[in-house]
Structures are given as C-alpha cells and as structure tokens.
**Q** 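Right, I'll just put the structure down here and ask away after.
The first residue in the sequence is number 1, and the count goes up from there.
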Amino acid sequence: MDLEIASVPSPLTAHQLLLECDPARGRLDFAVAPAAPPASWATEVAFGATIERLASHVEWALGDPAHAAKLRTDSWIEYDVDPASHRAALAARASGFIGLPNAESKDVAAVGRLVALLANDGDLLSARTEAAEWTSALERELAPLRAVQAHQAVRYLGRMDARGTCSVRIHAGPVRAEAVARWREWPAALAPALAAADWLVLGFDLERSGAGPRWGLELVCTHETRHNQRYRPMLDALVSAGVLPAGIVPALATWTGATCEADAADAWLPTLLGGPGAFYHVRTLNHVKLVFTPGAPPTAKVYLAVDRSWLGGNAHPERTRGT
C-alpha cells in the first residue's frame, strides 16, 4: 500500500525506518530512528521535548550527566497510521523510546528513577515523589526473570503517547525463554519459533501497580544475519502455529535487498569528508514480535527495516532487487 509520511517533521533525518506490519489488524505503522537530533528537536519533533526534559535531569536519575547524549542519540519515534487513509496520525503526540546506558540498564534503582521521570514527562519533583513506587513495581516484575538470569537488563523505555496510555513500556533483554515462562505462560506450540531466534526481548507496560495484562515478546536475529532466509525457519514455525498467515512468507521474500543512491540531496557532505561514495539502503527483517492478550490467541507483528548509511570509497554496489 502507499504510505503517506510526507508530513513527518523535516528536521528529522533518519538513519533507520521501521515498518510495523500487523496482519491480524491490517495495520502498517512506522518508526523513525534519527541520525542526529537537530537543534529544533524539542520544538518540531514529537516526543523530542520529552527527551530533552529527561536529559536535563539525567544526572539525578542515572548519576552521570554524560548519559544525556545517550538519551538523545539512542532513541526512536513511533507514528500510528490511519488504516483508512494510510496517513500517519501526526496531529496526536507520537510514541517514543529511549535507550539506557549499558551499566545502568542492570541497576533496578537507577532504571526505576528514569521510569518515574519518563512517566511524569520530565517533571523532577513528581519523579522524586513517585520513584520508590515505580522502582518497587519494576523489581516485582523483573524478579521472575532475575531468578533465571541474575543481571537482567532493561534496554529501552518507551511511552505510548499516541495510544493514550499513562504507563511506561519496558523492554527487557536479552531474556531466556524459561525466564519468560516464569513471568507469564505462553503456548508450547511457539517454542520452535522462539528457538529460531538469536535472542528474545520482553516488552510490557508498567504502571505503579505492576505490569498490564497485554505483553509482547520480540524474536530477534543478529544484525549480520537479518535477511529473509535467516528468518525463514522462524516465520515458517509461526505459520505452522497459526500465528501468521501463510501468504506473508513469500510476500516478505520480495522485501529484502539493497539499493544505492549516489545522487542524494544530502550526499555532498559525506563526499567532502572522503568521497566518492553513495548512500546504501538495505532492506531487512528487523524482528518479529509476538503479542499476548488475555482471552485471545497470540498474534504476531513483523518489523521491516530500511537502514541508510554512507558507503565510502570507490565501491558502488549494484542496484539489486529483493530476493
């Protein structure tokens, strides 16, 4: 389908675009990972102002002001698309995610403080008041995981503003399948699909009372092997389990591939820095996400990625079609 994304804020230069394919609901949403946050980040890009407020108080949350750069550069913005018009719902506040520094990602107290800060949109006074409650809720939810893997990390935090929720999305990983089974029950028929992944990421919405009933599990392959054939055993297993429609597998085979763009409008800067070269666009399967909702069968979303990077030197890879 044709996806209308022309109204994405112009300052947002992306190094990666993710397309979220949800066959069960017939939806195609997308996310943008900025190459470098612009000076107008806080005023022109949805969720950018929130990240700036978090960055201003990151020393209180994580103990080191240098981590502000991590919040700004390891982040992405998600937009929901209206399936009727194929236009992104940019009028509403977009959802967004931030990455945590490696050392602090395993410190529950530090993560709890950052969760409180994110939940309160960067308001430090409210975050100080609520930090103990958020930390306690996070500790309870991570306890079953840490019983299997003592130093369970929380890699990303998000807030789904576009969907009107007040919770904080927790991405914990990598997690082991047996640890997830201690936390929540999942169908044994999905075991072959989980076994085909290189690692798993658990996602859930956290409130001060605990995790919500709906949760997700991302099935990820290593960056070097994110092509269709690497994911094929996983996709086939999900089709066999009735979680994905059979027709999606051949459809995804036409997605992966790469193209070069030697005449891009912004190619002049890399050329000055050591060209010649070209922008290299690589289309891959980024990950597959299982979604578990109480009282309903599990569903799956497929996340397609377009990565954009500068390929220097004299090499000009041939334009290829997806295979």
Side-chain angles (χ1 to χ4, degrees), residues 18-31 78-84 89 92 94-97 115 119 137-138 140-145 152 154-197 199-220 231 234-248 285-304:
L18 287 180
L19 300 176
E20 177 186 332
C21 307
D22 188 346
R25 297 192 301 160
R27 291 186 61 92
L28 180 63
D29 299 331
F30 72 97
E78 291 193 1
Y79 295 98
D80 288 348
V81 176
D82 180 355
S95 303
F97 285 81
V115 168
L138 182 62
R140 290 196 304 272
E141 298 301 334
L142 293 181
L145 306 177
Q152 180 61 64
V154 176
R155 295 298 182 184
Y156 287 92
L157 299 178
R159 207 178 59 203
M160 312 304 288
D161 290 0
R163 301 177 189 180
T165 63
C166 299
S167 54
V168 174
R169 178 70 55 88
I170 306 293
H171 279 189
V175 295
R176 299 177 186 173
E178 59 268 31
V180 178
R182 282 175 174 252
W183 186 75
R184 295 278 174 87
E185 184 178 357
W186 50 270
L190 296 175
L194 270 60
W199 71 81
L200 307 174
V201 178
L202 174 65
F204 57 88
D205 291 327
L206 183 71
E207 299 182 358
R208 283 180 285 174
S209 58
R214 191 170 181 264
W215 58 284
L217 190 63
E218 295 180 4
L219 283 56
V220 187
Y231 272 97
M234 180 192 303
L235 297 173
D236 288 342
L238 292 174
V239 170
S240 297
V243 178
L244 280 177
I248 198 171
L285 273 67
N286 191 268
H287 65 279
V288 177
K289 180 179 179 180
L290 299 174
V291 179
F292 300 90
T293 304
T299 59
K301 301 178 181 180
V302 179
Y303 289 75
L304 308 177

**Q** With sequence neighbours excluded, what pairs up with Trp183 under the side-chain hydrogen bond (donor to acceptor under 3.5 Å, both in side chains) test?
**A**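 With neighbours one apart ignored, the set is Glu141.
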**Q** What residues, two or more places apart in sequence or in another chain, satisfy side chain to side chain contact (heavy atoms under 4.5 Å, CB included) together with Pro213?
**A**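 Pro294.
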**Q** Give the minimum heavy-atom separation between Val175 and Leu202, together with the two atoms involved.
**A**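 What the structure gives for the nearest pair is CG2-N, 4.0 Å.
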**Q** Please name the pair of heavy atoms, one in Pro192 and one in Ala189, separated by the smallest distance, quoted to 0.1 Å.
**A**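 Residues Pro192 and Ala189, closest heavy atoms: CD-O, 3.4 Å.
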**Q** Under the side chain to side chain contact (heavy atoms under 4.5 Å, CB included) criterion, do Leu200 and Leu219 qualify, and how do the steps go?
**A** CA-CA 5 Å; Leu200 307 174; Leu219 283 56; 4.0 Å; yes
**Q** Go through the structure and list residues passing side-chain hydrogen bond (donor to acceptor under 3.5 Å, both in side chains) with Arg176, not counting sequence neighbours.
**A**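 For Arg176, no residue satisfies side-chain hydrogen bond (donor to acceptor under 3.5 Å, both in side chains) once neighbours in sequence are set aside.
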**Q** Please name the pair of heavy atoms, one in Val220 and one in Asn286, separated by the smallest distance, quoted to 0.1 Å.
**A**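 In terms of heavy atoms, the two residues are closest at CG1-O, 4.2 Å.
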**Q** Side chain to side chain contact (heavy atoms under 4.5 Å, CB included) between Leu19 and Val302: does it pass, once the steps are laid out?
**A** CA-CA 8 Å; Leu19 300 176; Val302 179; over 6 Å; no
**Q** I'd like to know if the side chain of Glu20 reaches the main chain of Leu304, judged simply by a donor and an acceptor atom lying under 3.5 Å from each other, with no hydrogens or angles considered.
**A**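 The answer is no, because no donor-acceptor pair under 3.5 Å joins these two groups.
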**Q** Trp215 and ring pair (Phe, Tyr, Trp, His ring centres under 6.0 Å): which partner among Trp186, Phe292, Phe204?
**A**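 Result for ring pair (Phe, Tyr, Trp, His ring centres under 6.0 Å) with Trp215: Phe292.
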**Q** Listed by chain and number, what are the side chain to side chain contact (heavy atoms under 4.5 Å, CB included) partners of Asp22, not counting sequence neighbours?
**A**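 With sequence neighbours excluded, Asp22 shows a side chain to side chain contact (heavy atoms under 4.5 Å, CB included) to Ala24, Arg25, Arg27, Lys301, given in chain and number order.
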**Q** side-chain hydrogen bond (donor to acceptor under 3.5 Å, both in side chains) with Lys289: which residues, sequence neighbours excluded?
**A**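 side-chain hydrogen bond (donor to acceptor under 3.5 Å, both in side chains) list for Lys289, sorted by chain: empty.
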**Q** Would Leu290 and Leu194 satisfy side chain to side chain contact (heavy atoms under 4.5 Å, CB included), going step by step from the backbone distance to the final call?
**A** CA-CA 10 Å; Leu290 299 174; Leu194 270 60; 3.8 Å; yes
**Q** Taking side chain to side chain contact (heavy atoms under 4.5 Å, CB included) as the test, write out the residues that go with Val239, two or more places apart.
**A**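 Expected list: Leu244, Ala246, Val249.
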**Q** According to side-chain hydrogen bond (donor to acceptor under 3.5 Å, both in side chains), who are the partners of Tyr156, at least two apart in sequence or on a separate chain?
**A**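 If we apply the side-chain hydrogen bond (donor to acceptor under 3.5 Å, both in side chains) test to Tyr156, skipping adjacent residues, the hits are Asp74.
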**Q** Using the salt bridge (Lys or Arg N to Asp or Glu O under 4.0 Å) rule, collect all pairs that involve residues 202-215, keeping only residues at least two apart or in two chains.
**A**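 Every pair satisfying salt bridge (Lys or Arg N to Asp or Glu O under 4.0 Å) with a residue in residues 202-215: Glu130-Arg208, Glu133-Arg208, Arg169-Asp205.
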**Q** Identify, with sequence neighbours excluded, every residue that meets side chain to side chain contact (heavy atoms under 4.5 Å, CB included) alongside Ser240.
**A**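 So Ser240 forms no side chain to side chain contact (heavy atoms under 4.5 Å, CB included) with any residue.
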**Q** Who passes ring-ring contact (aromatic ring centres under 6.0 Å, His included) against Tyr303, sequence neighbours left out?
**A**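 For Tyr303, the residues satisfying ring-ring contact (aromatic ring centres under 6.0 Å, His included) (neighbours in sequence not counted) are His287.
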